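Naming: A, B, ... by sequence-line order, numbering from 1 per chain. Owing to the predicted nature of the structure, the values given are computational and were not obtained by experimental measurement.
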Amino acid sequence: MDLGLDVSERGKYAVLSVRGEVDVYTAPRFREGLIELVTEGKHQIIVDLEGVDFLDSTGLGVLVGGLKRLRSHDGDLVLVCTQNRILKVFEITGLTKVFSIFDSVDAAAAAGES
Amino acid sequence: MDLGLDVSERGKYAVLSVRGEVDVYTAPRFREGLIELVTEGKHQIIVDLEGVDFLDSTGLGVLVGGLKRLRSHDGDLVLVCTQNRILKVFEITGLTKVFSIFDSVDAAAAAGES
Amino acid sequence: MIDEVVKLEIPARAEFVALARLVVSAMAASDVDLPDERVDDLKLAVSEACTNAIEAHDATASPERVRLSYWADDRGLGVRVEDRGPGFDPAALPDHPPVTDPARLKFERGLGIPLIRALVDEVEISSSGQGTAVRLLMRNAVASD
Amino acid sequence: MIDEVVKLEIPARAEFVALARLVVSAMAASDVDLPDERVDDLKLAVSEACTNAIEAHDATASPERVRLSYWADDRGLGVRVEDRGPGFDPAALPDHPPVTDPARLKFERGLGIPLIRALVDEVEISSSGQGTAVRLLMRNAVASD
Ligand SMILES: Nc1ncnc2c1ncn2[C@@H]1O[C@H](COP(=O)(O)OP(=O)(O)O)[C@@H](O)[C@H]1O
Ligand SMILES: Nc1ncnc2c1ncn2[C@@H]1O[C@H](COP(=O)(O)OP(=O)(O)O)[C@@H](O)[C@H]1O
């Protein structure tokens with residue numbers, strides 16, 4: 001099964017765009033993609049989940065792990081997501097209280113500038 | 001699994017456009033669609049296979065059956081198909097020799113007018 | 001209804017979890033009256049249960065496989081996920097996630113079974129030293145809440 | 001390699017043939033080095049073999065199911081389709097379709113096994129009064145013709 005990762009820049013943020021299904025098989029690649037960014041010194045990261053078709057708790061684990069790692073570098077990890085079926089997973093697990101979730105990369109970047 | 005059937009008119013032809021997968025499960029609906037047209041007196045039929053994702057020998061059977069039925073009414077059944085994986089099935093079974101196969105509904109209709 | 005059952009047996013490997021989900025979609029497409037959203041919820045639950053089953057086999061380095069049954073009947077769409085791992089005590093896990101408790105944010109794990117319980121209408125977990133079976137049922141529109 | 005096998009068991013009903021094909025795609029996506037075109041050819045062959053298996057059960061009104069195994073190894077992607085129908089004599093069918101013979105155009109049927117043989121690298125059919133097993137192997141790029 002496919003997982004696509006694209007990296008771009010937006011203001012002070014690195015944007016990691018995720019496409020496809022995030023599960024126990026693809027989560028390691030997702031985790032590596034995040035860690036690579038942190039290793040490169042990118043401590044302000046937007047993870048764009050708009051292209052994600054499926055995300056389970058292993059994917060949540062990667063995001064929580066990334067957030068913890070970034071906060072230990074005084075950084076932040078914010079999310080872009082408007083899909084109900086994905087948002088639902090964050091809501092049920094209470095993670096909407098941990099992550100700032102935006103409607104678009106623009107909105108996420110704008111919030112970071114203010 | 002889904003099978004979509006649309007009927008339209010083009011010159012003297014009735015055009016039956018097929019979408020989705022034609023197999024032992026969906027073939028009966030395909031057959032009914034064809035028979036309905038014949039029953040309505042449409043004896044010149046273009047079957048447009050451009051929207052077909054999959055077609056196996058049960059689908060071929062429906063087409064051969066339809067052709068025989070139409071020829072018994074002095075009619076004809078011609079095909080529109082440009083997809084290699086579908087054309088291949090006609091080639092292997094020798095059915096390219098039985099059916100006139102066109103690149104587009106326009107080409108099929110034009111051939112019928114001449 | 002017994003002959004409506006589809007059975008799938010997969011190696012206890014991460015790459016096959018997607019297949020276990022795919023069969024849920026296939027069953028839903030042909031046999032039941034569930035809104036897409038509930039089918040997605042069931043797929044998520046199957047993914048969680050399969051992931052746990054695979055990790056249970058990892059723990060024992062056992063070459064055993066994960067067995068799934070899928071069935072569709074008047075009540076809805078059901079899936080059973082069975083492993084031969086070391087088992088666990090489901091009662092020792094919290095029944096519901098303490099979503100308001102900020103302490104849970106420390107954890108990258110432990111979200112699977114809470115998600116299953118939150119998303120699926122009926123959940124039954126039976127576990128012993130011989131393995132674990134998770135039975136999930138998503139009720140048809142009429143019967144569901 | 002034995003733990004690389006995926007097993008699928010379906011009711012002998014037409015609506016489940018699509019699922020048997022779907023598993024071919026899933027195996028191909030995760031495990032093998034076959035061009036899309038050859039995966040499509042294998043899906044077609046599996047569809048034909050499953051259709052025959054289901055029709056064989058129809059003939060006996062047997063509630064038995066169709067069993068499929070899928071495996072991926074160095075040689076390629078294999079699928080075995082097994083039924084408990086009345087069996088038949090595969091040798092009594094022509095080895096290859098007489099594509100140039102206009103007489104075959106009279107037939108709406110009998111195209112399945114010729115298609116299987118034309119599309120798949122290795123085909124083995126074993127049949128008895130107890131049922132039929134069709135073993136298909138699509139060889140990996142390197143080993144294929
Ligand atoms: N099938 C299983 N076999 C053995 N232990 C299991 C099984 N399913 C769950 N568990 C145990 O329950 C714990 C909680 O599971 P879960 O809520 O899915 O979160 P996670 O898998 O992320 O730890 C697991 O860590 C594991 O110890
Ligand atoms: N699994 C099977 N069990 C019993 N008979 C079979 C089986 N597969 C094929 N056959 C027999 O072989 C014949 C030819 O099969 P095939 O070439 O697939 O064409 P079709 O299924 O369209 O008749 C079938 O009609 C059937 O009599």
Side-chain angles (χ1 to χ4, degrees), chain B residues 1-4 18-32 34-35 38 47 49 52-72 76-79 81-101, chain D residues 10-22 24-25 34-58 66 81 93-120:
Chain B
M1 304 297 117
D2 277 338
L3 184 81
V18 190
R19 274 172 295 106
E21 310 202 333
V22 186
D23 70 0
V24 64
Y25 182 52
T26 59
R29 261 178 290 159
F30 181 25
R31 184 179 295 110
E32 279 160 31
L34 265 180
I35 290 176
V38 181
V47 176
L49 298 174
V52 168
D53 303 312
F54 178 85
L55 180 117
D56 68 13
S57 73
T58 49
L60 297 178
V62 171
L63 289 169
V64 172
L67 180 66
K68 287 201 296 191
R69 190 178 286 255
L70 285 165
R71 290 217 173 136
S72 76
D76 201 8
L77 185 157
V78 302
L79 303 177
C81 182
T82 61
Q83 298 186 76
N84 280 330
R85 58 177 170 177
I86 308 288
L87 287 172
K88 186 175 186 173
V89 181
F90 285 90
E91 272 154 26
I92 292 170
T93 53
L95 291 175
T96 41
K97 297 195 176 63
V98 200
F99 289 103
S100 304
I101 304 180
Chain D
I10 53 173
R13 295 233 323 264
E15 66 205 86
F16 292 101
V17 174
L19 183 54
R21 291 195 300 267
L22 209 57
V24 176
S25 310
L34 287 175
D36 286 352
E37 192 199 331
R38 314 213 77 213
V39 175
D40 283 340
D41 290 348
L42 184 59
K43 284 171 80 169
L44 182 58
V46 167
S47 201
E48 300 294 347
C50 259
T51 300
N52 285 344
I54 287 170
E55 285 171 352
H57 283 291
D58 274 356
V66 178
V81 182
L93 304 171
D95 258 2
H96 288 286
V99 289
T100 50
D101 180 356
R104 72 173 292 105
L105 313 177
K106 289 190 202 137
F107 302 102
E108 291 165 44
R109 310 208 29 163
L111 300 174
I113 290 174
L115 267 170
I116 293 175
R117 291 200 194 276
L119 292 172
V120 176

Give the intermediate values and the outcome of side chain to side chain donor-acceptor pair (under 3.5 Å) for residues D:S47 and B:D56. CA-CA 7 Å; D:S47 201; B:D56 68 13; 2.8 Å; yes

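Rounding to the nearest 0.5 Å gives a distance of 9.0 Å between NZ of D:K43 and CG of B:D53. Atom CZ of residue B:R85 and atom CG of residue D:D36 lie 9.0 Å apart, to the nearest 0.5 angstrom. One finds the CD1 atom of B:I92 at 11.5 Å from the CD1 atom of D:I116 (value rounded to the nearest 0.5 Å).
Interface residue D:L119: only side-chain heavy atoms are found under 4.5 Å from chain B. Contact annotation for B:L55: only backbone heavy atoms (N, CA, C, O) come within less than 4.5 Å of a heavy atom of chain D.
Environment of CZ in B:R19: crowded, with over 12 heavy atoms of neighbouring residues, nucleotides or ligands closer than 6.0 Å.
Salt bridge annotation for B:D23-D:R21: present, with a cationic side-chain nitrogen under 4.0 angstrom from a carboxylate oxygen.
Residues B:K88 and D:D41 are in side-chain contact: their nearest non-hydrogen atoms beyond the backbone lie under 4.5 Å apart. Using a 4.5 Å cut-off on side-chain heavy atoms (C-beta onward), D:L115 and B:L60 make contact.
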